[in-house]
Amino acid sequence: MHGMLSSMNYNGWILTTLLLLPVLGAVMLSVQAAGSGQADDATKMSSARRTALLFFTAEAVISLGLWWSIDYGTADWQATVTVPWIPQWGIFYRIGVDGIAVLLILLTTLLMPLTVLGSWTSIRQKPHAFYALLLVLTTGMLGVFMALDLALFYVFWELMLIPMYLIIGIWGGQRRLYASLKFFLFTMLGSLLMLVAILYIGLKTVDPLGRPVFAYDWILQSASYPGTASLWLFGAFFVAFAVKVPMWPFHTWLPDAHVEAPTAGSVVLASIMLKMGTFGFIRFALPMFPDAVNHPVVRSSVIVLAVIGIVYGALVSMVQPDFKKLVAYSSVSHLGFVMLGIFALTTQSLQGALMVNINHGISTGALFLLIGMLYERRHSRMIADFGGIAKVMPVFAVLLTIVALSSIGVPGTNGFVGEFLVLIGAFTTEPVAAVIATTVVVFAAVYMLWALQRIIYNPLSKPENAALKDLNWREIGLLLPLIAAIFWLGLYPAPILNRTHAVATRIIERVHGMSDATSAGVVRP
Amino acid sequence: MLAESLTLSAALFTIGVIGVLTRRNAIIVFMCVELMLNAVNLSFVALSRLYGATGQVFVIFVMTVAAAEAAVGLAIIISIFRHKKSVNLQDINILRG
Amino acid sequence: MTFDLAIPWQLMGALGPDLVLMVGAMVLMLVAAWKPESDAHQRFVGQASVAVIVATMAMVVWYATSGATASPGIIAVDGFRWAADMVFLIGAAAAILIGIESNPRDRILAAESHVLILFATAGMMILASARDLMIVFLGVEIMSIAVYVLVGLNRSSVRSAEGALKYFLLGAFSTGFLLYGIALVYGATGTTSIPLIGERIITYSLVHHSMLLIGVGLLLIGFAFKVAAVPFHMWAPDVYEGAPTPVTAYMAAAVKAAAFAMFFRVWIESFNLLDGAWLAPIWWLAAATMVVGNVVALAQRNVKRMLAYSSIVHGGYLLAAVAAGTPLGSAAFLFYAVAYTLATFGAFAVVSSMTKPGEYASAISDYDGLWTTRPWLAIGFSICLLALLGFPIFGGAGFFAKWYVLQAAMTSPRELVPLAVLLVITSVVSAGYYLHVVRVMFMRPRPEGATEPPALAPYTRAVLVACVGLILLLGVFPNRLASWARTNALVAAPLQGPTAALSPPTTP
Amino acid sequence: MLESTHPLADTAARFVWWLPTLPLIGFLINGALSVYASAKLGPADPSSDHGHEAHGHSANAHHQPHAADAGHDGHDTPIRHRFAAIASVVGPGVMVVAFGLALATFFAMRGVEMHSPYVNTLFSWLPVGALQVDAALQLDGLSMVMVLVITGIGMLIHLFSVGYMQDDPGYPRYFAYLNLFVFFMLLLVLGANYVVTFVGWEGVGLCSYLLIGFWFSEQANADAGKKAFIVNRIGDFGFMVAMFMLFAHLGTLDYTTIAAKADQLPAGGIVVTAICLFLFLGCAGKSAQIPLFVWLPDAMAGPTPVSALIHAATMVTAGVFLVARSSMLFSIAPVASLTVALVGAVTALFAATIGLKQWDIKKVLAYSTVSQLGYMFIGVGVGAYTAGVFHLVTHAFFKALLFLGSGSVIYAMHRAYHATHHHGDDAQDMRNMGGLKKYMPATWALMWIATLAIAGVPPFSGFFSKDEILGAAFARAHGSTLADATLLGLPGSTVLYIVWVLGLASALLTAIYMTRMMLYTFHGPNRTGAANTPHLAEAPWIMTGPLVVLGVLSLVGGWLNLPAVITDLMPIGPSGTLEHWLEPVVGEATARVAGTGTHLSASTEEVLIGFAVAIAIAGIVIAKMRLKPEVLVSKSASLPSNGIQRVLEHKWFVDEAYDATLVKPTYAISKSVLWTGIDVGLIDTLLVNGSAALTRFLGWMGGQLQSGRVGTYAWMLVLGALLLLRAFARAS
């Protein structure tokens, strides 16, 4: 496989193609939309979703080669492309991947066709625009994972914002206006501070011609910041990423956005966009500001926020009447695990954090898809409106149960692997935080199983629910890959762990290397 | 002599400013502005004794411009008078917020 | 070629494009007056005005590419001037093109309206070229007087008249400060020549000279008024609202650009060394402008007024570049001016086409659900608004404009990082009102029985398409524009030419 | 030792991975049948069309009807599940094969001399730097015992279920869950490291959840399942933390490596004590010890065979297994061991008191299970790991028998009620039974065997195991490491005497409540109601058959580990078989705890045995004398009890106390403080929307300043001018 791919020069063109293909799709959809002025809604819907599925499938298929074409034994960038963009400002189109990025890219490309299938019948208004935005969003998300130039990274980072804003705001629920604006403003506040920080860094790092340098590697090698600058810069990145993660207390946009977004929006938001924040920490904040990360106050504050998020998210999930909101708050909890894993600064916890990232993408994505399917049938997401539907929707009940169990980290599913690694790694450096975080295994069971009970178990007492139709083949088919992934990653995560090991080790070494003084005495197996 | 001239100029300028601030009639306000311009002219003339002709040339320009301004200004005031039947600035506040 | 400005005909030569424009404007003024007011006539004069502008542009390009320079004198022959001229001319052409179609809707049939834009533009070009405070004064007045009239063009509208009156009175008032400032600077340095002032500040060590500093302060007041910096901004929303839409656009883009062009030149070439005095005031002006402009814009319910506040805000952002006080700041300004002009005209093209006949204002709620009936119009408007917001890719060049300003501010030796932070934080507030419009267009349903907005007239459409297209294009390929801006940036005044042998000033 | 050179490498043991795989295959087949049937053929789930007309208070009991009489609405011929035949073959079939394999492995193990466990590594599961966790299975004496119990008793219970569940609409689903449970249980006991064990650990909890809530349409059942899972997860929390600590301090989670490295931890130190206590928290959850025992009685909501398999014989004993598995750690943590023993003893007595006043036959057995588990913990707590495991095994025999017997009784009761359409009556309440001996003689006899076994009457199995535990507790009070330690300020020896006394007391109570149960169920007059009585009958052979097997095992189970003191007196068999069998696993740890001079003299032992027997017999006699089945009235006619009886009947109000002190406050705080207070109120309303509103308000204020009057504007301009000029004037 590797040989065949390299004979095609796969690594040379794949990343750029992955970025451009969705844009091409979006253009195609725009042309289609302009050409289908008088067609009825059904025709529009089917033409739009077919085109979108075609592009997303193509994207998924060609991206698969990354699984083999990348050498995971090294932490160096691969499949790199460097083209001057605005060289006089030091901005280059500089992309490449490492083991961490590849996995997130694959998560994205593989999940997107499923979201199209998940929106197959639910997007009736302006379907072309919807799928075009979804495609553009994909480019933005992939770009974030690929960018090796801080300015480019920022552009992709912001690129995601508008499509998601529109997806929530146009195709969303009742309070979509509020939710979409809140989403936008939260994210933008964070990212603009990061913009200033990026500029500061880029302007401080000057190349021999006196131009600013935004190249990530270059900055890593040469950057050093006077006095408290490192802390301020870290702070700016922190806010940007913490909002996206979202960390407590920057999380309140999330429940609103999730609840109001259409299914595809929720899935993308939860499965991929939330990963941006943690990815940002791993890729940028940690290696670039080891001094700040090792600063005892900073580090313990982040850990405290992460732990608060973990427990708080779970507790607040417990009392939600709306299932989507419950899942949204559970995301706060899960992503808290990721943050704990990252800032515990051990190989196990960091790799665990990466696993949680991917697992959360799969499980929460599946949960949102399932909620969407339920909503399409019943037009309600309120837990109290259901009950006993396992009798009328047995397949749905089975799938929901599996996904819910994965979400609460039952061993054998993917959820366990990530949480366990995070906690076992975190315990060696942050035992108190890890122990507090571990209590969530209880709360997670409470909120998820209680919701499960009230939805699929208990008496089927509401007449509206008695006529619900079970999932059809399309719906089952689109969920099966996710279910398979849940078990695959739960039972045999070694391929993933091996693929992230080199990078994770390098990051940890870099962070510790800068601060032997502060980390002395800490046991790091 | 120079100091006195400049002081006088400053005083006149201040009077003009105060006039603009206190008067409510558009034409009077405009006259106060003219007073300010002329106060500055006085400075220019006074300074030109020290530095040569530039100041005096400047005064000529200012006077020309002021004349043009007056023409346009009065036309505008007439235009508003046609609508409002008043040139009291207190009454002219449709545009606000 | 090098013009020797001491020789009158060579001075005329150095003013070539300006003269072409002025002569063309005068001829057209006669043509305009020749026939009674009619739609056909104003259309003809408008098209002719655009032709004059195109000719002037051609000449500017020729001068710029021929590498013309000049001996020290009252005007500058440099890239900055030509670059600024291009921005003004583009703005003027766009304003006239929109005006040709929107003026009749507002019952403005006066053909002179287009000619007045030419005059105003001529004033701007003079401003951009000015290397002497006297020329600055002349340019300001030529521009302003024309614009006073332009604001009041709509004789049937009380709003137009009110706007004109306010602009005129306050403009004249601020001119008084400007003029007094010039007088005091002249009194302190003994010259009105911009480079010479800078030179003398060094040679005579005038950095703490109180007359000079008060003069600079007064000048700053005059400039701040022209760029509508808080708290000298209060005229702007009213005037922008009252003026006919193309004029509003013209004021927001070109007039503001002209004011900044002169601001940059004077500040970089004359007062660069006085930053101990002006840095704090300009810092606070910039900060106040960003904060107040953005915050008040949030409360606006009228598109034109909202855009007026937006224009104030952008003045605030550019003040950060002024505060940088570096040639890079002026480069950022040029880039910004282009992006901002495009975005402004794109936005106002939409506003003008959405304005119902006989009305000045369009409420934001008129845009409800625009997407469902006029999808491309909504998309175009959104792109302009996102450009104003400074959003990458979707806002095209607007992002790089902001990037450049931030870069200028942050590379400045004057430590403007906090100002940069303030800039981005207030940008978040601005998202509140820009996105509000996007939101009503895309996310609200079209109200029942809402009138269909009329189809875009061809020129307006052309302006919109060109603006949006360029915004997007420059948002992906900003290279050429960035290089152009950097090449044409001002250079900090070199000590050049024979210094006029004048005795050191004796302060009164 | 390398896998390939291990003496077991070429024996049946190399197929050890088939042990869990077989039930997994069963699960997959049955699960597919179940999903396929319900998705394709429409809702055929239990109770889909049963009116829920009479829920009553004993909701957990209410759903038993479905076991025997699904589809009763006017149809007297029950409708069997379409795939019932396949499920009946697959479900028990895989168990039979698994048991066969287990036997083969057992005989293979008997034939070789093993010094280290046989570890079968399947693949690398979690390879992350220093943390290397393999998916590996471990065969040694301990896991072999457990495997035999699980597959053997599991097989019997599967067979019993074929009869018991025959008409349930969720028949294949039931077997799917049951097979899955066996899979996880085998994983639990076979795991070669804590993590694999933990997979099984949580997996059995999950199956328990699914099976308790098997008839999920009844809220109480679903509640009970959820409660079981959540309480178990509290325990799992402890298990996880223990694993973290092990990894942090020993860098591994493999049993063999930990056993070898355990000495690196300071004996009796805080670390190993904490590890053991956290592990024990896990055990307390899984094995229903104080304070986490509350889920087990509720778990009786599940079908009765499930109670027998999961909540009596296997899963709930996993905690005991884990302590035995971790004996190397517990043996160097005397404080933790004492805690285990004390908690076990208190639980044993506490649960026994509740068992005295329960009316639901399954509830009696449930509390009895809790109590007996306490016994096992006394055993493993005092370092008599073999004794604990021994009691685990005998308890599996007689408790499974008791549960299945009670299942037979309930089955019969249902049949009777069903035949006469008395659906309102509680088929599990002993007040509705009485005199069943006449109708179900076989069940009666077998249950008496089990009762005598649990009461500790010789020569039934329970006598030997219980006696060994009590003897060990008594013996450890001198010279052992435990006796030298202190717990809560009490010397270890005192604690051990307390444990011993508590053990004796609960033995007495056990005898009493078990006799009470037998008396009320099988003796005295019948209270089922005249109409129903003719329909009472023995269950079919597929159900009674397993009972007989278990009866035999309950009778002779004690021969597994006869004490030397008895074999010395009467040569009835080899002594200490199990002890020898487990010697490689727990021998070192046992010896370490026992220390010096803890061997009791034969005479002391004889006295102790006599004492225990006397107590057991006394209990039976007391019960027989004090209780009058003749005066008992049926449930509907009973009056509510009062005083201490009421407290006991309501299980000391522990559930209510937890609800009031933990559950409700957590919910209320989450809802009012965290969500509406902090999230919605503070962050969203005050900070987020508040700042937006403030900005908007400031904007509005700014707009107001924009009065439209030129005068104002001029004033502002001049004010600004003055400020500016002041700044410039200062600079000069």
Side-chain angles (χ1 to χ4, degrees), chain C residues 162 165-170 173-174 177 181 206-222 224-225 229-238 274-285 288 291-301 305 309 428-429 432-433, chain D residues 39 128-129 666-732:
Chain C
E162 182 178 326
L165 180 68
K166 283 177 176 172
Y167 191 26
F168 167 71
L169 283 181
L170 292 168
F173 188 45
S174 78
F177 289 93
L206 301 176
V207 173
H208 296 293
H209 191 284
S210 32
M211 187 196 244
L212 174 68
L213 290 180
I214 297 292
V216 173
L218 287 164
L219 261 178
L220 181 60
I221 293 164
F225 178 87
V230 176
F232 309 103
H233 70 292
M234 310 226 17
W235 58 274
D238 293 3
L274 300 182
D275 56 355
W278 58 249
L279 182 61
I282 291 190
W283 201 103
W284 283 107
L285 277 180
V291 172
V292 173
N294 273 316
V295 168
V296 180
L298 268 184
Q300 299 308 315
R301 291 286 164 267
R305 235 181 143 74
Y309 279 104
V428 178
V429 179
Y433 53 89
Chain D
V128 185
T666 309
Y667 186 85
I669 288 172
S670 301
K671 185 165 183 144
S672 328
V673 179
L674 297 184
W675 186 35
T676 47
I678 294 182
D679 220 62
V680 177
L682 181 69
I683 300 179
D684 243 14
T685 309
L686 195 67
L687 297 178
V688 176
N689 296 348
S691 61
L694 181 69
T695 319
R696 233 168 262 282
F697 174 72
L698 290 176
W700 179 82
M701 291 276 285
Q704 292 306 298
L705 209 61
Q706 194 81 23
S707 65
R709 294 206 172 91
V710 176
T712 322
Y713 297 180
W715 269 108
M716 284 299 292
L717 201 156
V718 170
L719 278 177
L722 289 176
L723 281 175
L724 269 191
L725 290 178
R726 185 161 155 265
F728 276 94
R730 278 186 161 186
S732 64

Subject >> Between NE2 on residue C:His233 and OH on residue D:Tyr713, distance to nearest 0.5 Å >> reply: 8.5 Å
Original post:
Roughly how far, to the nearest 0.5 Å, is the CD atom of C:Gln300 from the CD atom of D:Gln706?
Top reply: 8.0 Å
**OP:** Report the option among D:Ser707, D:Ala729, D:Gly699 that has the most heavy-atom pairs separated by less than 4.5 Å from atoms of chain C.
**Re:**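 The answer is D:Gly699.
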Original post:
When only pairs under 4.5 Å are counted, which of D:Gly703, D:Ala692, D:Gly708 shares the most heavy-atom pairs with chain C?
Top reply: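 Sorted descending by pairs with chain C, the first entry is D:Gly708.
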With only heavy atoms counted, which part of [X] is less than 4.5 Å from chain D, the side chain, the backbone, both or neither?
| X | answer |
| --- | --- |
| C:Leu218 | both |
| C:Val292 | neither |
| C:Tyr309 | side chain |
| C:Trp278 | both |

Subject >> Pairs touching residues 679-694 of chain D that satisfy salt bridge (Lys or Arg N to Asp or Glu O under 4.0 Å), sequence neighbours left out >> reply: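 Salt bridge (Lys or Arg N to Asp or Glu O under 4.0 Å) check on residues 679-694 of chain D returns A:Lys182-D:Asp684.
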Original post:
So which heavy atom on D:Arg696 is nearest to which on C:Ala299, and how close?
Top reply: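 Shortest heavy-atom contact: O-CB, 4.4 Å.
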Subject >> C:Met234 to D:Leu705 - nearest heavy-atom pair and separation >> reply: CE-O, 3.6 Å
Original post:
Who pairs with C:Asp275 by salt bridge (Lys or Arg N to Asp or Glu O under 4.0 Å), at least two apart in sequence or on another chain?
Top reply: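 Testing C:Asp275 for salt bridge (Lys or Arg N to Asp or Glu O under 4.0 Å), a comparison that skips the adjacent residues, returns C:Arg414.
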Original post:
Which one, C:Leu298, C:Val230, C:Leu213, leads in non-hydrogen pairs under 4.5 Å with chain D?
Top reply: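 Between C:Leu298, C:Val230, C:Leu213, the count favours C:Leu213.
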Original post:
Can you name the residues of residues 715-726 of chain D that have some heavy atom under 4.5 Å away from a heavy atom in chain C?
Top reply: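 Interface residues of residues 715-726 of chain D: D:Met716, D:Leu717, D:Val718, D:Gly720, D:Ala721, D:Leu724, D:Leu725.
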Original post:
C:Phe177: what forms a ring-ring contact (aromatic ring centres under 6.0 Å, His included) with it, not counting sequence neighbours?
Top reply: B:Phe13, C:Phe173
